[in-house]
Amino acid sequence: VRRRPGDLSPEWLRTRDAVRNYLLRGESVNLIVGGNARWRPLIQDLRRQPELAELGEVGLDHIEAMARRGLVREILARCGSTGPVPDKPYDLIELGRVLKARPAATCLALTSFDLVRHRSDYELDLFLALRELVTDARRLVLLIQSRSPFAALLPQDHPLSSLDAIFQTIELRGRS
Amino acid sequence: MTPRPLCQIELRPRDHRSALWWMGALFRWPGRFHASISESSSLRKITTACLLWLHCLPHLVLLCALGHILVHGFLDHNVVNDFFKLPRDTFLAEPSRLIVHCDILAFGSAAGVAGGSVFGLTVGLASWVAFGLSRGIAFGLSGGIGIGMVFGIAGGVLGVLVANPAASWTADWLGSIGLAVGLGVGVAIALTIGNAARLAFGPVVGKNSGLAAGLAVGLVYGLVPTIVYGLVPTIAPGGPTADIPAGGILRGISSGSAAAIAGGIAFGLAVGITLGSAGGRTFGIIVGLAGGLVSGLAGCKIGLTATDLPRSIAAGHPASVPDSSVTQLTVLGTDLATASVTGLVLGTALGLIGGIAFGIVLLFGYYSTLKTWTILLARQAGQVGDLMELSDLLAELPEGTGGFLGETRQLRDLVERITHTQASLNAVDRPIFREPRAQLLCSEIEKFRYRVGELHDPLKTEFRAAADRWLELARRQLDDVKVVVKREARPQVFRAGEPVDRESEAFVPRDQVTGHLERQVSLSAGCPGIVLYGRRRMGKTTVLRNLAGFLPPAVRPLTLSMQSAEAFASLESLVDLLVRSLLAAWPDGGPPEGTPRDLRGLSRLLSACDAALGQEGRRIILALDEYENIDRKIGDGTFSVDVLASVRDSIEAHRNLTWVFTGSHEITELDHAPWTSYLVSASTIDVPPFTEAETHLLLTEPLKQSTLWPIERPRPSFPAEFWGEGGIERIHVEAGGWPHLVQLIAVIVVESVNEARSQQVTPKLLERALDEAIRRGQNVLYELMHRESRLPGEWEYLSAFRRREDQPPPESDDIARSLRRRLLVVESGDRWRMRVPLMRRWLIQRG
């Protein structure tokens, strides 16, 4: 993905810097993308920062990530772990084990997160485990890219709706 | 000359000089050779090795021939034979003699080529496995060439015995041969081992290994044949030719023994010193003894064969002439079996002695090798670019009981503290917290430098020099972080959204909560269980995570998050997690044997733990954070209600264990299990919003509880003036003391002040920060206001605060109760208004 001249607009740069600063401080970010805003170059640009060079990216639109076990496998692969992933529910234990064994917190971008509405296989447990890794264990720093705010992606009675409180919300506006 | 690149060498005449140049480079600059070949493919590396070997082959044969001609031709013709009073030879004069000499030459060359090839291939393959293909090739080639020379010389010498059996009985003559062989073998082995060790472990070890191996092997190969062969004529009754059977036996014994001892010691020294110094003393001794034994056996066999085979060849050779010698050889043939068996037995025994002798030699040589190894490691440690590498690097430091070897463990412990401090520095990203850690790192290294001065050399000298270099690295990190801290006018220590770590983030102790908790835990009759209840983002997990230090030393808190996959994946994984946590906090005396896998086993373990705690007067708090997830898991069938029954039994029976359930729901709100019947006596402790005093303390002295800064050193603080007149009170009121919102506003205020390069918070800046807070806090405010409004009409009632500051209470008692419980409203007579102005601001602007 090449960067267009428009990507260097002050707002785009400001957004990129804000995201970078939060991630570097170990705070997770919900990047809300509007219109045709160029978010892929933004993530690529982040990766050019030496401190974020290992920022992994897993797209929920990838076929491998449709099932929870596949998503876990993709995340682990971004962490350099290519071993077998156990079946549910132990896949999440493996995820936690690998991330907690890493020397530093793992920075990971989950893109096209709006599709989480259609990923019933993820189940609540995945979000619980992610929340624990982000907040309690502090072994994971998430960059969630979505078109709707995270809070709006979970159903009203979702027991894990408080998960959204951990994200710093940043908007990247584009021409619609 | 400019040689053709190594990877372009082929088997053609114009590449011959380059091939020889590279062979020279292999011995002169092994590193350069290795660098040149390391980039090639595996196939190319192997091909190059074979081509180099083939290019060298003619020279090897030529060398053997020249050596033979020199020793047995010109010198033998006029000088040697006269000197030793041997029958005069007519080298090149008689065709039959020429055939014999050609035969000898062929034997020597064949021995050289075969020995070199076998050794080179073996060493090369072994080194390939151990060190990689390119190093394996280097080892194999250098070893092969060296051993080729050895076998070539040895073969030539043996050929002399074939050609002139009568001469073989002359002690002086054989002694001279022994010395020559010893010299040749010693030099060749020294070259081979030295080069290999130099390539593998560096020049210092290479030099020492080569020298040690060369000297020892040279002595062994030189002296042993000299002594043994020299003794044969004397020992044999009646002189060398009188008693052939006895002489045959002695020759068998002596040659077998000589080869066995020589082989054992040579192998032991060569492999043991080189690999032993890399792998440790035990490894070296084991390799040496084993190698000595194996090589002794092999050497014995080779010795017997080498002594007798040429004679057999000579006996059957048409050009073999001396009558007496033919007779001797005939008789000798009949004694061959006896000689071989006896030689084999004694040779094996002597081979063992050789192996043991190697062990002794190794122990003497070991100390100096380890010293060299230590110096090498210290110098490498001084060159590291990242102090985190030190632990792994110095793990290879040799240990022992005396001298500097007895101090290496102490040195490693000192270095471990440095790497630990560097790790803690790396783990922190905020400059303000990096600075004290970087300072600590510098002082740790200075301390190391001072303490290492008390150790023996080479630790003292070498590691002092290394510490100077480390100090440079640490000071550079400190300078870097100081620059950033200086640029960052106000350190960002506030954090919203995650449980706070009091070491590095703004934290205020919740004395009211911990005091209540302490009283409950200390009840003499045991605590009936506690529900630590608080609204979302109220700081419950922060309270739990920072309990240590605010409770009596006899009380140890254990916190398990029910959000952890290990906790909720299955009942077995929950039991496993609880067991592991308990075992990690087990009182002195050690836990019982066996690891429980089910609730029954867990109950037994809890009982044992309770008893052990009682004996020591200690207590444990078992806190389950986000305990609502247990209810959810009971609902979906992952857990059974037996979990609650087990907890109830523990609460009733174990006075020294206190169960704490933390969540944002009261047990009456959970509907998948009858929680109230299981926790009927549990007391509830509320985690309330901050009091104004707590907000004040958080904003002015956010790092008061951190232990990163020594007491005598000032720590970052924000005087009340910084927040502007009435600023702290305004923030407290706007956030309603809600910990998350207080932290959020503080984060934005500090950022804004730094951005504006201001010294103080102005009312205008604070107003802007509040607007920014509702934007950044969108998710939290949406959650607290909208999503938690689950009753019909509840959200509509709250929404009405957009239009007016206060309104009458809701008509529904359920809604009124819910809003009170959610801490969203305050009652002022018959009017209600929102308790948290920031929430109303959000409602108006974004809700």
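Every chain is numbered from 1, with letters handed out A, B, ... down the list of sequences. The figures that follow rest on heavy atoms only: side chains count, while hydrogens, waters and symmetry mates do not.
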* chain A contact via Ser564(B) - which portion, at a heavy-atom distance below 4.5 Å -> both
* **Pairing residues for Arg597(B) by the salt bridge (Lys or Arg N to Asp or Glu O under 4.0 Å) criterion, not counting sequence neighbours** => none
* Exam field: side chain Arg138(A) to backbone Pro499(B), donor-acceptor pair closer than 3.5 Å -> yes
* Under 4.5 Å from a heavy atom of chain A, the part of Ala423(B) involved -> neither
* Structure fact -> With sequence neighbours left out, the residues meeting salt bridge (Lys or Arg N to Asp or Glu O under 4.0 Å) with Lys88(A) are Asp121(A), Glu123(A)
* Select one option (side chain, backbone, both, neither) describing which atoms of Val747(B) are under 4.5 Å from chain A's heavy atoms. => side chain
* Side-chain (Arg545(B)) to main-chain (Asp136(A)) donor-acceptor, under 3.5 angstrom -> yes
* **Where Arg632(B) and Leu128(A) come nearest, the two heavy atoms and their spacing** => NH2-CD1, 3.2 Å
* To do: Locate the shortest heavy-atom distance separating Lys633(B) from Asp125(A); write the atom from each residue and the value.
  => NZ-OD2, 2.6 Å
* **Heavy-atom pair of closest approach, residues Pro89(A) and Ala569(B)** => CG-O, 3.2 Å
* Between Asn426(B) and chain A, which part of the residue has a heavy atom less than 4.5 Å away: side chain, backbone, both or neither? -> neither
* Asked: Given that the side chain runs from C-beta out, which part of Ser573(B) has a heavy atom under 4.5 Å from chain A: side chain, backbone, both or neither?
  -> side chain
* **Among the listed options Ala565(B), Ser664(B), Ala567(B), the residue most often paired with chain A at heavy-atom distances under 4.5 Å** => Ala565(B)
* Is chain A contacted by the side chain of Asp636(B), its backbone, both, or neither, given a heavy-atom distance below 4.5 Å? -> neither
* Determine the minimum heavy-atom distance between Glu171(A) and Arg846(B), stating which atoms define it. => OE2-NH2, 3.7 Å
* Minimum heavy-atom separation for Glu132(A) to Ser561(B), with atom names? -> CG-OG, 3.8 Å
* Asked: Take atom CD in Glu751(B); do more than 12 heavy atoms of anything else shown fall under 6.0 Å from it?
  -> yes
* **Structural part of Arg97(A) lying under 4.5 Å from a heavy atom of chain B** => neither
* Structure fact -> Closest non-hydrogen contact found for Phe494(B) with Arg25(A) is O-NH2, 4.5 Å
